[in-house]
Amino acid sequence: MENIVGLKEFRMNVEKYARAARAGTPVIVVRRSKPMFRVSSIDEEMGWEKAADFMRIKRGGVKIRDLLSRL
């Protein structure tokens with residue numbers, strides 16, 4: 001079952017809806033009766049894919065300006 005809430009309600013109680021999403025109940029946020037976005041937990045099977053470890057490139061990380069200048 002999904003929760004459908006208005007944007008204002010979501011903003012005022014974001015922590016409540018984040019907990020619900022983490023527990024497995026997706027939340028659909030609407031504005032003027034039109035869906036804007038959906039908040040749900042990350043599927044354990046999906047997980048995160050590591051694209052790059054910038055800490056290995058340079059201790060302390062890489063400055064965003066340096067990174068963007070090389071693209």
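Hydrogens, waters and symmetry mates play no part in the numbers below; they use all other heavy atoms, side chains included. Just so you know, these numbers come straight off a predicted model, no measurement behind them.
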Exercise. Are any of the side-chain heavy atoms of Arg38 and Val29 separated by less than 4.5 Å?
Worked result: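 No, side chains not in contact.
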Exercise. Is there a path from Phe37 to Tyr17 through hydrophobic residues (I, L, V, M, F, W, Y) whose side chains come within less than 4.5 Å of each other?
Worked result: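 Yes: a chain of side-chain contacts under 4.5 Å links Phe37 to Tyr17.
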Exercise. Linking I/L/V/M/F/W/Y whenever their side-chain heavy atoms sit closer than 4.5 Å, directly or via other members, would Val27 and Leu7 fall into one cluster?
Worked result: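 Yes, because Val27 and Leu7 connect within a single hydrophobic cluster, where side-chain heavy atoms sit under 4.5 Å apart.
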Problem set entry | Distance-minimising heavy-atom pair for Val30 and Pro35 |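 Closest pair (atom of Val30, atom of Pro35, distance): CG1-CA, 3.8 Å.
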Problem set entry | Heavy-atom closest pair, residues Pro26 and Ser40 |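 That would be CB-CB, 4.1 Å.
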Problem set entry | Met36, CE atom: more than 12 neighbouring heavy atoms under 6.0 Å |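 Above 12, so yes.
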For this session: Show the numbers, then the answer: is there a side-chain contact (heavy atoms from CB on, under 4.5 Å) between Thr25 and Asn3?
Result: CA-CA 7 Å; Thr25 304; Asn3 285 333; 3.9 Å; yes
Exercise. For Phe10 and Val39, what are the C-alpha separation, side-chain angles and deciding distance, and is it a side-chain contact (heavy atoms from CB on, under 4.5 Å)?
Worked result: CA-CA 10 Å; Phe10 179 77; Val39 179; 3.9 Å; yes
